[in-house]
Amino acid sequence: MKKDWPLWEVFVRSKNGLEHRHFGSLHAADAEMALENARDVYTRRNEGVSIWVVESKYITASNPADNGELFEPAQDKIYRHPTFYDLPDEVKHM
Amino acid sequence: MSEKEVKNLDAIFEARIARDEKIEPKDWMPEKYRQTHIRQISQHAHSEIVGMLPEGNWITRAPSLRRKAALLAKVQDEAGHGLYLYSACETLGISREELYEQLHSGKAKYSSIFNYPTVTWADIGAIGWLVDGAAIINQVPLCNTSFGPYARAMVRVCKEESFHQRQGYEIMLTLCKGTPEQKAMAQDALNRWWWPSLMMFGPTDAESTHTEQSMKWKLKRKTNDELRQQFIDQTVPQADILGITVPDPDLKFNEETGHYDFGEIDWDEFWQVVKGHGPCNKQRLEARVSAWERGAWVRDAAMAYADKQQTKKVAKAS
Ligand SMILES: [Fe+2]
Ligand SMILES: [Fe+2]
């Protein structure tokens, strides 16, 4: 019944005020072990104050091959940027 | 995909790298890029893992608690380096089990330097100073390599290496300031580790086969000979400070080039060790395989426990 330990993705918050960031991955039998391993592998020098782990199979990722359809529509909506609007120079603080 | 389409993708891909764009795991990549990276990153990971063995040999016999704590932390870092690199490698679509299989069956290589024995405590000093020193020179340029996960792993590795080299040099310094016997131990370690350390940069440029492709993909930014020269130039003055002698009668500073000239490297020895005939190849692989096999019941037990907990949770919820 040999079963390999699943893969987990590790996210670490370096300090309060910052978001969790992806640090890498590791193998562990369960979530608890994944947290402990993440502590040993990715935070040996105070690199974090909080760790999230999630089994890699639960992450749905976009496909870079679809980047065209996915992200390009944003490009022709230039009216979403402040520079699109013409204002006289006399107007300050805007 | 037609041949023409692949050619087109190839050209777009190479242009991206030339523009210093990073390649991420799910991006399209030429098969050769994938295979080359699996080979290099896994070799690198295996080296970190096998590299723990010669130093682990001295943890229980470190001469003081301070040295023991430092060595333990250093060896633990090397385990961490191996794990960062394995996980970077897995993003290319190869499993951890396959990677271990390649190491344990002897199909995959690791750095030959770890096939030399650590016979005295001074060897721990020499390894930190020379072997980690050479590794740093090899690794720093990789922080900018084209494959994102590899580059990110290398940034983390490089941050940690500096302590490794400094603790090694401090061991050498202490021995060199000690009794004549201790200083002789340091000299003996330098004698044995100097040449193998120079070999860590690989064959000479004339003999090296994949330099050009590796340069293009930023797996390499300088040639083997350039890196070796850089190592010699920075290490010789450090030996002078220790007051011990680099075991090379041809070593001489060349005023004209501003570099040290050095003697012939014994490439026969290098190839012998690469091919598996070094002093400890067999011992290292056996130690690694036996640790893996003897740990199997622990891995299985952990998995069985996790499954049982999961079943309990599901039962409770329903
Ligand atoms: Fe390392
Ligand atoms: Fe190291």
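All chains are named by letter (A, B, ...) in the order of the sequence lines, taking the proteins before the strands, and each is independently numbered beginning at 1. Because the structure is a prediction, the values reported are computed rather than measured.
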For chain A, which of B:Leu83, B:Asp77, B:Thr91 has the most heavy-atom pairs under 4.5 Å?
-> B:Asp77
Answer with side chain, backbone, both or neither: which region of A:Ala61 has an atom nearer than 4.5 Å to a non-hydrogen atom of chain B?
-> both
Please look at A:Ser62 and chain B and tell me whether the side chain, the backbone, both or neither of the residue comes under 4.5 angstrom of a heavy atom of that chain.
-> backbone
Considering non-hydrogen atoms only, spot the tightest contact between B:Ser87 and A:Ser25 and give its length.
-> CB-OG, 3.1 Å
Looking at [X], I'd like to know if its [atom1] atom is crowded, meaning that more than 12 non-hydrogen atoms belonging to other residues, nucleotides or ligands lie closer than 6.0 Å.
{"X": "A:Asn63", "atom1": "CG", "answer": "yes"}
{"X": "B:Gln309", "atom1": "CD", "answer": "yes"}
{"X": "B:Arg294", "atom1": "CZ", "answer": "no"}
{"X": "A:Arg44", "atom1": "CZ", "answer": "yes"}
{"X": "A:Lys77", "atom1": "NZ", "answer": "yes"}

Given B:Met303 and A:Asp30, is the side-chain contact (heavy atoms from CB on, under 4.5 Å) satisfied, shown in steps?
-> CA-CA 8 Å; B:Met303 208 56 235; A:Asp30 57 26; over 6 Å; no
Is it true that [X] and [Y] have a side-chain N and a carboxylate O under 4.0 angstrom from each other?
{"X": "B:Lys26", "Y": "A:Asp66", "result": "no"}
{"X": "B:Arg299", "Y": "A:Asp4", "result": "no"}
{"X": "A:Glu47", "Y": "B:Arg156", "result": "no"}

Give me the contact list for residues 7-22 of chain A versus chain B, heavy atoms only, anything under 4.5 Å, ordered by residue number.
-> A:Leu7
Against chain B, residues from residues 80-94 of chain A with at least one heavy atom under 4.5 Å, in numeric order, are none
Between B:Glu90 and A:His27, do the side chains contain an N or O donor and an N or O acceptor separated by less than 3.5 Å?
-> yes
Does the side chain of [X] reach to within under 4.5 Å of the side chain of [Y], using non-hydrogen atoms?
{"X": "A:Leu26", "Y": "B:Tyr86", "value": "no"}
{"X": "B:His81", "Y": "A:Val41", "value": "no"}
{"X": "B:Glu97", "Y": "A:Trp5", "value": "no"}
{"X": "B:Lys159", "Y": "A:Arg45", "value": "no"}

Any chance you could measure A:Met33, atom CE, to B:Tyr305, atom OH, to the nearest 0.5 Å?
-> 10.0 Å
